[in-house]
Amino acid sequence: MASTIASTLVVHPAPAGATPRATHDPAWVRWTLTAVALLFLLFFLVLPLAAVFTEALRRGVGAYFAAFRDLDALASIRLTLLAAVIAVPSNIVFGVAAAWLIAKFQFRGKSLLTTLIDLPFAVSPVISGLIYVLVFGLQGWFGEWLLDHDIKIIFAVPGIVLATTFVTFPFVARELIPLMQAQGADEEYAAITLGANGWQTFWRVTLPNIKWGLLYGVILCNARAMGEFGAVSVVSGHIRGETNTMPLHVEILYNEYNFVAAFAVASLLALLAIVTLVLKAFVEWRYAQSRRA
Amino acid sequence: MKTLLHHLMKFIPFFLLLGAGLAATVSGKTIELLNVSYDPTRELYADFNQVFSSYWKAKTGDDVVIKQSHGGSGKQARSVIDGLQADVVTLALAADIDALYANAKLIPADWQKRLPQNSTPYTSTIVFLVRKGNPKAIKDWDDLVKPGVGVITPNPKTSGGARWNYLAAWAYAKHKLGSDAAAKAFVTTLYQNVPVLDSGARGSTTTFAQREIGDVAITWENEAFLVLKEFGADNFEIVVPSLSILAEPPVTVVDKVAARKGTADVAKAYLQYLYSDEGQDIAGRNYYRPRSAKASAKYAKIFPQLQLVTIDAEFGGWTKAQKTHFADGGIFDQIYLKK
């Protein structure tokens, strides 16, 4: 299957000598373009990243690690991990289900569903947070009821998890829908014809076909889940040691003139991002390989 | 590699369990109070909470853990209205606490009469922070409207401190020039000198001290002292104007929340302890002007005497000042739009 797609996608090799036009451009054009791209990277990526680590280590390694011994910092790390650990698996389940539905079945309202999945990308994260305040806040629809039953949603951990899940919702589905659509349902039909039931088809045919796309979506989803600021800030209530995630804790430390600790926690987030990028590169490489196979 | 995903999937229940376990450890067992406060009080309450905890432990044997939440005063009030479970609020100005009554009936209308001195255990005022050596020779409000002077002050729409700043400037101009029209012109010119309006007092001081923008920051007195402490007294100077405003950041128990959580007594004791000798001393140590004669005398050297006007006498109270100056279409909107 994958190989048939590959063969339809690959343009017939051009005759020898007729290489793509871009390589014919004069050397100075190529060099200028490369220089522009590199300079851009330097100023917008490398320098800020270097600044984060320089600021974090300004008072030495001791001060750097002291930042992580603070109880509030540990609580914020724990909360960020907790939010990601709940949001990412939920989004795997929802994302796979939604992509499967959209790619393999025809039904009324399909384009509406596709649009709804994109909603969290379309609205500002602040609005995403405010939605929850309007629904679960004391002045909101369920506020009184929740209070009477002693259930805390916003300004507590569940609200943070909800907001994180909401803003990261599209990543897995968005990654899978085009992939599954390109693959079509032929292999599933074949499996069913051969006597496989629904679960068997899913586990043995669908899932192996999408695994690298899925993993890629999971990595992006995780990166956003850990780094989200806006939506989480709105529903957090900023209770120290309780409802501050890492990005919120960075802001607090910065506001307390505690620059070394602020940048130390920021550097941890940056490290997570770098690990994510490495994983992403690896997955992309494996993904390309699996498609070539 | 085919089985990698299967393995991951198998871990989902484990992840969920782990999540539930972590969530369970977040909620403690001792008495917990939540103090929702504004930006500059971080250091004050970090100090005070420790002292109160040991006082309460000695008195009743109960452990009390006080959690803090800080942010712009207006924003914090909004969060409490939306359900942030604050046992006590300690905000920048009475109008923000009034909102808890007006919008959600969380407290009675006469909340400000429940504790001494308008429920304000400490006061502050508005002063100027300049760079070392005072290169622009700033001495009083008049120097802030001179051309070429960069003035840093936060946005009065979102920041409680910024409203005090604005009103202090207005009061000075009115006392000196005599009319509201002249005061409006004065304040208009002043805001034309403001290159950036941050959303909160702390953001504004960071802009001035860390990012080194502007020649003078209008700020809380306690905030100015904190900058001297954090950034070194050899980098900045405090300039006290001839006239300023008496800023009264009040405190109150949020009755509905405390009653529901069964913390009304501790919450009340917590705020009353702010008026004790120890509480007043902590306020002074953190550069808030204490109310008690004893602590005032002790810290008299730190806090210079100046003419202080009050919001009630000068502006007819917060509700009126808010409506005239800061509501949508109010005077601030008019003068800032002109820019």
Side-chain angles (χ1 to χ4, degrees), chain A residues 72 75 78-79 81-90 92-93 130 133-134 136-140 143-144 146-148 150 152-159 161 203-204 207-208 210-212 214-215 218 233-244 252 254-259 286 290, chain B residues 1-6 8-9 11-16 18-23 25-28 32 34-36 39-40 42-43 46 65-71 75-76 78-86 103-104 106 200 202-203 205-206 209-210 226-227 229-231 256-257 260-261:
Chain A
D72 287 350
R78 203 161 52 217
L79 181 60
L81 292 180
L82 171 69
V85 147
I86 297 177
V88 174
S90 317
I92 294 177
V93 175
L130 278 177
V133 174
L134 290 178
F136 298 116
L138 194 53
Q139 315 301 315
E144 293 283 343
L146 289 169
L147 192 69
D148 291 343
D150 211 16
K152 278 200 211 170
I153 305 267
I154 56 164
F155 307 126
V157 176
V161 173
W203 283 107
R204 301 204 182 160
L207 206 54
I210 60 167
K211 67 181 174 200
W212 291 113
L214 177 59
L215 211 50
V218 167
S233 172
V234 176
V235 297
S236 149
H238 305 279
I239 307 169
R240 286 152 181 251
E242 202 169 305
T243 62
N244 280 318
I252 285 179
Y254 187 79
N255 279 339
E256 283 178 354
Y257 304 123
N258 201 341
F259 300 117
R286 286 295 314 213
S290 77
Chain B
M1 287 313 277
K2 188 171 244 177
T3 55
L4 174 67
L5 212 67
H6 290 72
L8 280 178
M9 296 280 183
F11 278 117
I12 290 175
F14 164 75
F15 283 145
L16 292 178
L18 181 75
L22 282 171
T25 60
V26 169
S27 55
E32 225 177 67
L34 176 59
N35 176 0
V36 171
D39 270 324
R42 296 159 197 264
E43 293 75 14
V65 177
I66 300 118
K67 302 247 168 175
Q68 286 293 138
S69 168
H70 295 276
K75 190 181 125 208
Q76 293 290 78
R78 184 69 239 179
S79 292
V80 175
I81 291 167
D82 281 329
L84 181 58
Q85 297 290 294
N103 293 293
L106 292 170
R202 193 47 72 85
T205 27
T206 311
Q210 172 84 353
L226 193 69
V227 169
K229 194 171 132 195
E230 296 288 336
F231 289 88
K256 264 199 175 169
V257 177
R260 212 181 58 78
K261 286 165 75 173

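A, B, ... follow the sequence lines: proteins, then strands. Residue 1 opens every chain. None of the values given here were measured: they were computed from a predicted structure. Because only heavy atoms are used, hydrogens play no part in the values below, and waters and symmetry mates are left out as well, while side chains stay in.
Between the CD atom in A:Glu242 and the CD atom in B:Glu32 there is a gap of 5.5 Å [rounded to 0.5 Å]. Here the CG atom belonging to A:Leu130 is positioned 8.5 Å from the CG atom belonging to B:Asp82, to the nearest 0.5 angstrom. Here the CG-CZ distance, from A:Asn258 to B:Arg42, works out to 11.0 Å after rounding to the nearest 0.5 Å. In this structure, the separation between CZ on A:Arg240 and CD1 on B:Ile66 is 14.0 Å, given to the nearest 0.5 Å.
Only the side chain of B:Leu34 comes within contact range of chain A, with at least one heavy atom under 4.5 Å from a heavy atom of that chain. Contacts between B:Glu230 and chain A at a heavy-atom distance below 4.5 Å involve the side chain alone, from C-beta outward. If you measure heavy-atom distances from A:Leu134 to chain B, you find no contacts under 4.5 Å at all. In this structure, chain A has no heavy atom under 4.5 Å from any part of B:Val36. Contacts between A:Ile239 and chain B at a heavy-atom distance below 4.5 Å involve backbone atoms as well as side-chain atoms. At a 4.5 Å heavy-atom cutoff, B:Asn35 makes no contact with chain A through either its backbone or its side chain. If you measure heavy-atom distances from B:Leu106 to chain A, the contacts under 4.5 Å come from the side chain alone.
In terms of heavy-atom proximity, B:Lys67 sits nearest to A:Gly241 at NZ-O, 4.0 Å. The nearest pair of heavy atoms linking A:Gly237 to B:Ser69 is O-OG, 2.6 Å. Between A:Asn255 and B:Arg202, the shortest heavy-atom distance links the atoms O-NH1, 2.7 Å.
Between the side chain of A:Gln139 and the backbone N or O of B:Ile81 there is at least one donor-acceptor pair closer than 3.5 Å.
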Could you walk me through whether B:Arg260 and A:Leu147 pass the side-chain contact (heavy atoms from CB on, under 4.5 Å) test, one step at a time?
CA-CA 9 Å; B:Arg260 212 181 58 78; A:Leu147 192 69; 3.4 Å; yes

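Using a 4.5 Å cut-off on side-chain heavy atoms (C-beta onward), B:Gln210 and A:Tyr257 make no contact. Looking at A:Ile252 and B:His70, their side chains never come closer than 4.5 Å, going by heavy atoms from C-beta outward.
More than 12 heavy-atom neighbours from other residues, nucleotides or ligands sit within 6.0 angstrom of NZ on B:Lys261.
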